[in-house]
Structure formats: structure tokens, C-alpha cells
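Input: a single structure, listed below in C-alpha cells.
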2 protein chains.
Amino acid sequence: MKLTSRQGKILEIIIKDFINKAEPVSSRTIAKSYNLGISAATVRNEMSDLEEMGYLEQPHTSAGRTPTQKGYRFYVDQLMPIKSLTQKERNYINTGYQQALDEIDNIVQQTAKIISHIIPYTSMVSHPHMKTNKYIHGHLVSLDGFRVLLVLITELGTIEKKILEFPFGIKEEKLDEISVLLNKYFKGMSLEEIERYLISILDQEIVEQQAAIIMQNIMKGIEENSFCTEKIYLGGTSNILDIPEFKDREKVKKIIRFLEEEHLMACLLDREQTNKVIISIGSENESLPIQDCSLVTATYHLNGQLIGKIGVLGPTRMEYDKVVAVVDYISTNIENILKNILN
Amino acid sequence: MKLTSRQGKILEIIIKDFINKAEPVSSRTIAKSYNLGISAATVRNEMSDLEEMGYLEQPHTSAGRTPTQKGYRFYVDQLMPIKSLTQKERNYINTGYQQALDEIDNIVQQTAKIISHIIPYTSMVSHPHMKTNKYIHGHLVSLDGFRVLLVLITELGTIEKKILEFPFGIKEEKLDEISVLLNKYFKGMSLEEIERYLISILDQEIVEQQAAIIMQNIMKGIEENSFCTEKIYLGGTSNILDIPEFKDREKVKKIIRFLEEEHLMACLLDREQTNKVIISIGSENESLPIQDCSLVTATYHLNGQLIGKIGVLGPTRMEYDKVVAVVDYISTNIENILKNILN
DNA sequence: ATTAGCACTCTCTCTCGATGAGTGCTAATA
DNA sequence: TATTAGCACTCATCGAGAGAGAGTGCTAAT
């Protein structure tokens with residue numbers, strides 16, 4: 001069931017128009033506004049066919065057509081032009097980053113803000129992932145003798161911490177010693193490397209019982225991923241309220257409630273991603289509360305390693321071309337900034 | 001212009017009823033439901049007086065009365081009974097804390113969630129404030145030679161960090177030396193104490209230029225308060241959507257947009273507070289976007305020092321008695337938890 | 001294959017009247 | 001003098017009904 005080029009053209013026009021105006025598109029609009037050289041009646045016939053094929057639907061008999069989820073999918077896969085940002089938009093983004101160039105947290109947070117300023121949807125940006133980051137300093141601090149705080153500083157300037165519990169008290173001097181040891185061995189390693197390394201040294205050099213237990217605890221933390229306090233920053237939550245699709249309070253509530261649960265979003269962003277940018281439309285999303293939304297996610301890397309993600313959540317009637325352009329540009333931007341931080 | 005006890009009674013009934021039902025209260029309701037032993041007509045006369053005095057108003061001629069802001073204020077100051085939580089509510093709260101007893105961030109975040117589960121408003125909880133916290137470990141780490149990350153670990157297990165910029169490169173060994181010095185002098189001090197102390201030692205023992213400059217930089221950070229990355233956790237943002245007063249999308253948008261700006265909320269919570277709990281109603285709030293909301297804030301302390309705040313934001317038609325009870329109970333709860341952490 | 005023309009459908013908006021909740025006032029009552 | 005019953009009046013709300021308008025589907029002509 002392939003589309004003729006004219007059908008493709010019409011589908012594209014309908015989708016673009018609907019994305020802009022949020023209102024069913026009529027045959028007349030198409031025939032008049034975009035000069036295809038055919039009459040409204042012809043357009044109507046084509047539209048009827050497109051509906052039969054499942055790309056369009058009608059809210060009611062005497063209304064124009066709106067794209068179906070299948071229609072959007074086809075558009076995104078086959079028809080969508082590759083858009084690039086205007087100079088003005090680029091400038092806006094670049095200026096935005098000039099204010100937040102020091103701390104990673106600020107950069108990530110600012111990214112979310114910037115995104116939701118240039119596109120009217122909600123954005124989410126995940127904090128650089130620690131597993132592949134290199135550690136440049138670690139320290140163990142006793143909180144109350146039995147609970148020890150492990151603090152790890154990465155070369156990006158981010159900090160990971162974890163409380164380790166011990167059945168026996170540990171003196172502070174002992175912890176200091178182990179901290180020194182920790183830094184001696186682990187400096188410059190990523191968690192992954194530390195994990196591998198730990199196994200090899202556990203029995204050899206660190207013979208003392210307490211130290212060994214601490215190390216084992218750290219390893220356990222690595223295994224359980226409990227270090228990865230993957231913080232996610234949101235931007236433009238209020239944008240949802242401007243979207244006509246979500247005029248219904250219940251819908252908005254469902255979405256905002258979803259956005260409140262950080263771990264749900266973490267799952268969302270955590271999906272497998274073969275391309276740099278992927279789009280999921282409507283019920284393609286697994287999470288129920290956002291099944292009438294579309295989600296665009298992009299990855300950002302450092303030294304070839306995936307370290308974070310950017311997500312944009314909006315209605316299925318989303319400006320896909322623009323969102324893709326923004327997300328693409330911004331992820332490259334973050335990559336550059338992070339590279340700069342590391343020189 | 002004092003109220004008779006009967007007028008007070010009627011005002012109280014009206015406010016309580018309106019808080020529950022969110023609908024103008026009629027004279028008949030009052031005369032029938034709450035047996036005051038007087039007729040609706042008498043109630044009407046009293047209501048008319050109360051309106052004249054500014055405690056009540058009418059949405060339109062043939063509707064019941066609703067409390068004015070002045071009415072709420074009178075209620076809160078003079079009439080409101082002191083409520084305590086039900087056993088069930090206490091249990092809910094206590095259970096909630098059992099899951100999050102290790103890291104402060106989790107405790108604070110969980111607090112916000114708990115609050116907005118037992119009251120249908122938005123809650124905000126500020127992270128323990130660092131200025132009065134004691135530091136148990138500090139470390140300087142070179143990021144790129146010119147930028148140095150100062151990391152401070154408090155006895156509560158929270159971490160403060162700040163990037164210091166230097167016009168000259170500093171070797172890592174030097175930073176390690178200074179770190180040792182830092183801990184030697186500052187261990188167990190609060191930022192306030194460090195500031196005072198710094199001034200006294202700056203010329204004496206730390207004579208070396210680089211160390212002196214670093215110290216000056218730290219001091220500058222203290223002065224500018226730039227350490228105080230006062231994180232605020234939100235709970236129950238979606239609750240706003242259930243409030244009939246905010247049926248208007250524009251109103252909701254205004255409020256949610258406000259909640260998105262962390263620094264605005266920081267200002268909100270930062271207000272002077274002589275009592276443990278204070279209430280501001282409607283236009284008593286300085287921030288424009290929440291002038292049709294009420295805000296209840298409570299402080300929590302540790303060793304007599306104010307270290308954080310809890311806020312609840314809702315409509316002026318707020319269950320003040322319950323909110324006050326919750327906020328009061330929870331702040332005491334946090335205080336106990338923090339005390340426990342420090343033994 | 002395309003298109004003009006027309007009947008038909010359905011939503012949206014506006015108006016109108018009925019309904020009912022609630023008040024304010026007046027006059028009677030304790 | 002305070003209270004109350006009674007009644008007229010007000011105003012929001014709801015539903016029905018009419019009219020307008022946008023858009024389609026179908027048919028017949030090109």
C-alpha cells in the first residue's frame with residue numbers, strides 16, 4: 001500500500017497544517033493555500049483514500065481530517081524535511097549557555113530551560129551518567145562510626161555519594177588511610193574500571209579486614225547501581241497547559257503527575273537508542289500516562305561514551321522537525337561544553 | 001469593631017463549610033446543619049453585618065456568602081482550633097520516613113511527597129541550610145589547573161561544592177597540602193565560624209601566596225552566599241489541578257510557572273519568621289503570581305539553629321487547621337531524624 | 001481523471017425561558 | 001428589642017431549539 005507522490009504531498013500538508021493550527025484540515029484549505037493545481041474535490045478524493053489507508057481520520061463527518069498516529073509515523077519516517085535552526089535560535093541557545101558554564105548541574109538544568117523556551121513542550125535532561133566518568137578524588141568520612149559516607153569526585157566536577165553501613169565501628173584515622181589507598185588505586189578510573197580492578201586486588205594488597213569489607217561494600221554499590229542517582233532536570237512543565245490537546249484537566253493532571261515521578265522519567269530516558277535521535281509517537285510509548293504524547297529523545301556522548309540524554313515531551317501533534325533540530329543541536333552543544341571542561 | 005460571640009461562631013461555620021465544599025454558604029445551611037438555635041433569617045442579618053464589616057462577600061446578589069481575605073485572617077488569628085493529626089495520619093507519615101532514612105536529600109524529598117499526600121496542596125521543603133552546618137571534611141580538587149573544585153562535607157552528610165577560579169595554575173600537590181591545612185583548621189566549624197576564623201589567621205600562619213588567595217576566594221564565596229545552593233524539593237504540583245479555584249487555565253499556568261523557578265521559591269521560603277509556623281493569605285504574599293494563594297511555612301531547627309523550612313501552597317480556601325498541624329508535626333519529625341543522624 | 005454543484009451532516013453559538021437557590025425587606029411575634 | 005415567617009426579587013445555571021457555517025460525499029458534467 002504505497003502512497004503516490006501526490007498523496008504524500010497532501011499528507012505532508014495536512015500534517016504540517018494541523019501541527020500549526022491544531023484544527024482539522026479541510027480540502028479547501030489545501031487546494032487554496034498550497035497551490036497544488038488541483039481542486040478541493042480532487043483533494044477530497046485523495047483524503048478519502050488516505051483515511052481508508054489509516055493515515056487520516058475525521059473527528060466527525062462534517063469536519064476536516066486530522067493525522068492518525070500512523071500518519072505521523074509515516075511523516076516522521078518518510079516525509080519530514082531535515083530542518084536546521086535559525087541564526088536567532090542558535091544565538092539564543094549560545095547566549096543561554098554563557099551564563100551556566102561552570103557547574104555541570106547548572107549546565108544541565110539550564111539546558112532544560114533553554115529547550116523549553118524555544119519549543120513549547122516539556123523537556124527533560126539527564127545528568128551525566130557516572131558509570132563511565134573518571135574519578136579524580138574519593139574520600140571516606142565517618143558519619144557516626146557505623147555509617148560512612150563515600151564521596152567521589154569526577155573529572156567533570158560532579159559528585160557522587162553513598163552511605164555505607166558497617167556492623168562494626170571504624171575509626172576516622174582508619175578511614176583516612178583507606179581513602180588514601182582508594183585514591184592511590186582508583187584515581188582516573190571509571191566505576192566500571194574500578195569494579196574490574198577491585199576484583200583483582202581484593203585478596204592481594206588490601207589484606208586487612210576492614211578495608212576489604214569497605215571495598216566490598218563499594219563494589220556492592222557499583223553492582224546495584226545505587227550510585228547512579230540519575231538526576232533529571234525538567235523544563236517547561238507549564239508549557240503543557242498551553243497545548244489545546246490537553247485542555248482536559250484530567251489529561252494534564254495525568255501528565256504532570258507523571259513528570260513528578262523522577263524514576264518514571266528515568267525509565268523513559270533509559271530506553272535503548274541506536275540512533276542519536278529517536279521519536280516515539282502516542283501509544284508507541286510504553287508508559288501509559290503519556291500515550292497521547294510524543295517523545296523525542298537524543299543522546300549525548302563524551303569520548304564515544306553515552307553519558308546522558310535529552311528528552312522532549314509534547315502532544316502527538318508536535319513540531320517534529322523543529323524538535324529534532326533543537327535536540328540535535330543542543331546535544332552537540334553539551335558535548336562541546338563537556339569536552340571543554342575536560343580541555 | 002469587635003465581633004459578638006455569635007458572629008464569630010457564624011463566621012467560623014461559614015469558613016469551615018466553605019473550605020470543605022468550595023461553595024458559597026447560605027443562611028439556610030447554617031441554620032439547619034449546625035444547630036445554633038436561631039433561624040435562617042437571623043443568620044441572614046448577622047451575615048449582612050459580617051459582610052459590612054468586611055469578613056464576608058457575595059459572588060452575586062442571590063448567592064450565599066464566601067469569606068474574604070480579612071475573614072480568613074480573623075479565622076486564622078482568632079477562631080481556628082488547634083488540630084492534631086489522626087493516628088492514621090501519623091502512621092502514614094512515620095511509615096513514609098522509614099524508607100528514606102539515610103541520605104538527607106532523600107529525606108527532604110520524601111518529606112515533600114508525604115506532605116502533599118496527606119494534604120491536597122503543593123509542598124516545598126528546603127534543604128538543610130549550610131551556613132550553620134559543621135564541616136567534617138573539605139577537599140580541593142584541580143579540574144584544569146586554573147579551576148579548582150572545593151568540596152565540603154557536612155556532618156549531616158550533605159555536600160557543598162563551589163568552583164574557584166584562579167588566574168594562575170596550581171599544582172595538585174599544592175592543593176592537597178592546602179586541603180590538609182583546611183581540614184586541620186576548619187574541621188567541625190560552620191561556614192560562619194570559618195569566616196570569622198579566616199580573618200584572624202589569614203596573615204599569620206598561611207603566609208604563602210597561593211594558599212592565601214585560595215582562602216580569600218573561599219571567603220568571597222561565603223560572603224556572596226554562593227555556596228548556598230539552596231535546593232528546594234517540591235511535592236504535589238499536580239494537586240493544584242484539583243483545586244476548583246484554579247479551574248482557570250491561566251491561573252494554573254501562572255502558579256506552575258512560578259513553581260518552576262526555584263529561586264522564586266527560595267525567596268518565598270526565605271522570609272523572616274518569628275513563630276515556628278506562619279501563614280500568609282492571598283495578597284499578604286509579596287510574590288504576585290501567588291496572590292490568590294495562601295502559604296503556610298514552618299521552620300525546622302537543629303541545636304537551636306534554623307536550618308530549613310517547609311512550605312505549603314494552596315488556595316486561600318485552605319484547610320488551615322490541618323495544614324498547620326501537618327507542618328508542625330512534620331517539622332518536629334525532621335528535627336528528630338536529623339538529631340538521630342548526629343546521634 | 002478531474003471538477004463544479006448541491007444536498008446533507010454535524011458542531012458551535014446564541015438566545016430564551018424555566019428552574020431554583022438564596023437574599024433582603026416587611027410585618028408580625030415573643 | 002431581638003427574632004422570625006413570608007414573600008418578592010435577583011441571578012446563575014441548565015437545556016432546548018434555531019440558525020449559521022464549515023466541510024464532506026456524491027453525482028453528473030467535462
Side-chain angles (χ1 to χ4, degrees), chain A residues 2-11 13-18 20-68 71 244-245 247-248, chain B residues 2-11 13-18 20-68 71 244-245 247-248:
Chain A
K2 231 175 143 282
L3 297 194
T4 66
S5 87
R6 192 170 71 184
Q7 285 173 329
K9 193 87 194 154
I10 289 175
L11 181 56
I13 288 173
I14 291 175
I15 289 179
K16 282 188 173 169
D17 198 278
F18 185 63
N20 268 324
K21 314 246 178 65
E23 258 159 35
V25 187
S26 75
S27 55
R28 235 178 119 256
T29 313
I30 298 172
K32 270 184 87 177
S33 311
Y34 308 80
N35 45 354
L36 292 175
I38 51 177
S39 75
T42 310
V43 175
R44 267 204 293 284
N45 289 331
E46 296 284 37
M47 283 166 94
S48 190
D49 290 347
L50 285 167
E51 180 168 7
E52 215 163 273
M53 289 185 268
Y55 296 108
L56 297 178
E57 63 190 347
Q58 278 181 298
H60 53 86
T61 329
S62 66
R65 299 301 204 296
T66 59
T68 59
E245 277 86 335
K247 217 171 60 189
D248 179 17
Chain B
K2 229 176 144 283
L3 297 193
T4 65
S5 88
R6 192 169 72 183
Q7 285 174 327
K9 193 88 194 152
I10 289 175
L11 181 56
I13 289 173
I14 291 176
I15 289 180
K16 282 190 173 170
D17 198 277
F18 185 62
N20 268 325
K21 314 248 177 66
E23 258 157 35
V25 186
S26 74
S27 54
R28 235 178 119 257
T29 312
I30 299 172
K32 269 185 86 177
S33 312
Y34 309 80
N35 47 352
L36 293 175
I38 51 177
S39 76
T42 310
V43 175
R44 269 204 292 285
N45 289 331
E46 295 285 35
M47 282 165 95
S48 189
D49 290 348
L50 284 167
E51 180 169 6
E52 214 163 273
M53 288 185 266
Y55 295 110
L56 296 178
E57 64 191 346
Q58 278 181 297
H60 53 87
T61 329
S62 66
R65 298 302 205 294
T66 59
T68 59
E245 276 86 335
K247 215 170 61 187
D248 180 18

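The analysis underlying the following values was restricted to heavy atoms, covering all of them including side chains, and did not include hydrogens, waters or symmetry mates. Letters A, B, ... mirror the listed sequences (proteins, then strands); counts begin at 1.
- For the pair B:E46 and B:I38, the minimum side-chain heavy-atom distance is 4.5 Å or more.
- In this structure, A:E57 places its CD atom 17 Å from P of D:dG23, rounding to the nearest Å.
- Rounded to whole Å, atom C1' of C:dT3 lies 17 Å from atom NZ of A:K32.
- A:E46 has its CD atom 11 Å from the C1' atom of C:dT2, to the nearest Å.
- Taking both residues in full, the closest heavy atoms of A:V43 and A:A31 are given as CG2-CB, 4.3 Å, listed atom of the first, atom of the second, then distance.
- You'll find the side chain of B:V25 stays beyond 4.5 Å of the side chain of B:I13, heavy atoms only.
- The partner of D:dT27 is C:dA4, by the rule that a Watson-Crick or G-U pair needs both atom distances under 3.5 Å.
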**OP:** Sugar-phosphate means primed atoms, P, OP1 and OP2; the rest is base. With that split, encode nucleotides 17-30 of chain C 5' to 3' as B, S or - using protein heavy atoms under 4.0 Å.
**Re:** ----BBBB------

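- Side-chain contact check for A:R65 versus A:S48: some heavy-atom pair is nearer than 4.5 Å.
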**OP:** Run the numbers on B:L3 and B:Y55 for side-chain contact (heavy atoms from CB on, under 4.5 Å), then give the verdict.
**Re:** CA-CA 10 Å; B:L3 297 193; B:Y55 295 110; 3.6 Å; yes

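- Atom CD1 in A:I30 sits roughly 14 Å away from atom P in C:dT3 (whole-Å rounding).
- From A:I14, atom CD1 reaches atom NZ of A:K16 across 13.0 Å, with rounding to the nearest 0.5 Å.
- Remark on DNA chain D: of its neighbouring residues B:H60 and B:I38, the 5'-side contact belongs to B:I38, judged by nearest-heavy-atom nucleotide.
- Using a 4.0 Å cut-off, no side-chain N or O of A:T42 falls inside it from OP1 or OP2 of C:dT2.
- When the C1' atom of D:dA22 is taken as reference, atom CG of A:D17 falls 15 Å away, rounded to whole Å.
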